[in-house]
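Here is the naming used below: chain letters follow the sequence lines, and residue numbers restart at 1 for every chain. None of these values were measured; they are calculated from a predicted model.
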2 protein chains.
Amino acid sequence: MSLENILLGILKRPAAGYDIKRQFETVFNHFWHADLTQIYRALNRMEKDGLLESRLEPSERGPARKVYRRTPAGSRTLAEWLRGGPVLGNEKFAYLAQIHFLDEIEPAQAEEFFDTLREELVTQLSTLDAIEQEWRTEAGEGFPDTLDDEDFHTWLTLDMGLRKTRALVEWVEASIARLRGRRER
Amino acid sequence: MSLENILLGILKRPAAGYDIKRQFETVFNHFWHADLTQIYRALNRMEKDGLLESRLEPSERGPARKVYRRTPAGSRTLAEWLRGGPVLGNEKFAYLAQIHFLDEIEPAQAEEFFDTLREELVTQLSTLDAIEQEWRTEAGEGFPDTLDDEDFHTWLTLDMGLRKTRALVEWVEASIARLRGRRER
DNA sequence: CAGTTCTATATGCATCCGCATATAGATGCA
DNA sequence: TGCATCTATATGCGGATGCATATAGAACTG
């Protein structure tokens, strides 16, 4: 199960379910979605299975938090998942499917679809760009090679997000231009 | 529900569940996964809901097939889905999450991970490339603008797949080089 | 000090999903 | 003719998922 392994990965540092949810909304946003209730249930299940342990800690700004940390069994499970190689073949990308069928609606509406998509992607891209800029200014010369192992891998996924999103934006813009061209003919 | 809408899209042309499964394995492979039993169950459900109708037809190479076609209600449902704009926020991309945590295993194994990923992506890319080449030679001058509306939108998703996968391959190769560099230092 | 918002966790319920398995016609081949 | 393989559809079951909803402490707001 990917979700459980992702939670194990995040729990390299102790965290509560609510923290994790926010991580899904920012860092993981462009490649994995998880519902809050799903996270809480997974955490409970994983504690029962001995992959995690928790303790209640007072919060600085709200009710008590249940802070989870990985057990050695949890770390082993995560390592096995990673050693198993890339998990491929479960990709979900709804809007690509939609584009496949976009000839079923009127050209004007299809263009509106693309405009909306473009806006969303540009927003995603600038979020990622901002994160990278922050890293870049914090780290000194030789960035990103001077990062420690953990940060380096985090940066790799960020770089991936940037490249993927840039490619997407270029494609959307090219598509919009082509659609306009077709309409004018 | 995205799956049902995707099925409606595919059923622009009548098809049986088994045909649809093969479409998922080829055209839709890089952006949507669906299990055979899931497809059959969705088709049954959708017929009950009046989105599809079916009739048994003899097969050329096996038992009788249940060939489905869209009803007007089905077409309306699909159009609504598309007019609703891009469905974002449900993306699932397990291997990207894995990369995020790859510092948890030994560098040699992490590199192996990337090598495997690279191979898979290159295979995906050449599949897409082959499809595009075929289109390109079949269609004459002015490709892709001379395609009819349906083919044009299909080509757009293909182009998207190509750009996205190319960006991914470039990134994997850059990442491998960076990892090698770090190891040597 | 009442109301709203944010933090924080949890449950109920209906449906979805994935895996194993059943059934069976058609084809090929040894 | 027996057996494997491919085509084709379906069900049972356990667990995952998504949405609505409950509960409640803490902070801010008028």
Side-chain angles (χ1 to χ4, degrees), chain A residues 1-8 10-11 14-26 28 32-49 51-68 81 87-94 97, chain B residues 1-8 10-11 14-26 28 32-49 51-69 87-94 97:
Chain A
M1 251 219 50
S2 294
L3 175 64
E4 295 198 359
N5 285 296
I6 293 173
L7 291 176
L8 286 171
I10 291 173
L11 288 170
Y18 204 74
D19 302 324
I20 296 174
K21 172 58 181 164
R22 262 174 306 182
Q23 287 206 46
F24 272 100
E25 280 165 354
T26 53
F28 291 85
W32 199 275
H33 172 263
D35 185 79
L36 230 195
T37 67
Q38 203 188 337
I39 293 169
Y40 283 122
R41 266 187 280 231
L43 292 172
N44 275 314
R45 186 169 64 236
M46 289 161 75
E47 183 169 26
K48 214 180 60 201
D49 294 345
L51 302 174
L52 300 178
E53 47 188 29
S54 71
R55 65 169 186 231
L56 281 173
E57 287 182 19
S59 167
E60 283 172 17
R61 44 166 84 203
R65 298 147 42 77
K66 205 163 155 187
V67 176
Y68 288 89
W81 185 57
V87 174
L88 287 145
N90 287 41
E91 285 82 311
K92 301 228 161 167
F93 232 125
Chain B
M1 249 219 50
S2 293
L3 175 63
E4 294 198 0
N5 286 296
I6 293 173
L7 292 175
L8 286 172
I10 291 174
L11 287 170
Y18 204 74
D19 302 324
I20 294 173
K21 172 58 181 164
R22 263 174 305 184
Q23 287 206 48
F24 272 100
E25 279 165 354
T26 53
F28 292 84
W32 199 274
H33 172 264
D35 186 79
L36 229 195
T37 65
Q38 202 188 337
I39 293 169
Y40 283 123
R41 267 187 278 231
L43 291 172
N44 275 314
R45 187 169 62 234
M46 289 161 75
E47 183 168 26
K48 212 179 63 201
D49 295 343
L51 303 173
L52 301 177
E53 48 188 29
S54 72
R55 64 170 187 234
L56 281 172
E57 286 181 19
S59 166
E60 283 172 16
R61 42 167 80 202
R65 299 146 41 78
K66 205 162 154 186
V67 176
Y68 289 88
R69 47 201 91 223
V87 174
L88 286 145
N90 288 38
E91 284 80 301
K92 301 228 161 165
F93 239 120

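- Atoms NZ (B:K92) and P (C:dC17) sit 10 Å apart, rounded to a whole Å.
- Scored by the side-chain hydrogen bond (donor to acceptor under 3.5 Å, both in side chains) test, B:K66 finds B:N44 as partners (sequence neighbours excluded).
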Using side-chain contact (heavy atoms from CB on, under 4.5 Å), reason through B:I20 and B:L43 one step at a time and then give a plain yes or no.
CA-CA 10 Å; B:I20 294 173; B:L43 291 172; 4.2 Å; yes
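- Between the P atom of D:dC19 and the NZ atom of A:K21 lies a distance of 11 Å, rounded to the nearest Å.
- Rounded to whole Å, atom C1' of D:dT11 lies 15 Å from atom CZ of B:R45.
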Between protein and nucleotides 3-9 of chain C, map the contacts as a letter string: B base, S sugar-phosphate only, - none, heavy atoms under 4.0 Å, written 5' to 3'.
----BBB
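- Between the side chain of A:E4 and the main chain of A:A42, no donor-acceptor pair closer than 3.5 Å is present.
- In this structure a side-chain-to-backbone donor-acceptor pair under 3.5 Å is missing from B:D49 to B:L51.
- The closest side-chain heavy-atom distance from A:K92 to B:W32 is below 4.5 Å.
- A salt bridge links A:D19 with A:R65; the closest basic N to acidic carboxylate O contact falls under 4.0 Å.
- Between A:F24 and A:I6 there is a side-chain heavy-atom pair separated by less than 4.5 Å.
- Atom-to-atom, CD of B:E25 to C1' of D:dT7 comes out at 13 Å; the value is rounded to the nearest Å.
- OP1 or OP2 of D:dG18 has at least one side-chain nitrogen or oxygen of A:Q38 nearer than 4.0 Å.
- At whole-Å resolution of the value, CG in B:N90 and P in D:dC19 are 8 Å apart.
- Rounded to whole angstrom, the span from the CZ atom of B:F24 across to the P atom of C:dG18 amounts to 11 Å.
- A salt bridge links B:E57 with B:R69; the closest basic N to acidic carboxylate O contact falls under 4.0 Å.
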Considering only nitrogen or oxygen atoms on both sides, find all protein atoms under 3.5 Å from nucleotides 19-23 of chain C and state each distance.
from	atom 1	to	atom 2	distance (Å)
C:dC19	N4	B:T37	OG1	3.3
C:dC19	N4	B:R41	NH2	3.4

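- For B:K21 (side chain) and B:A34 (main-chain N/O), a donor-acceptor pair under 3.5 Å exists by modelled atom type.
- Rounding to whole angstrom units, CD of residue A:E4 and P of D:dG15 are separated by 12 Å.
- The interatomic distance linking B:L7 (CG) with C:dC16 (P) rounds to 12 Å, in whole Å.
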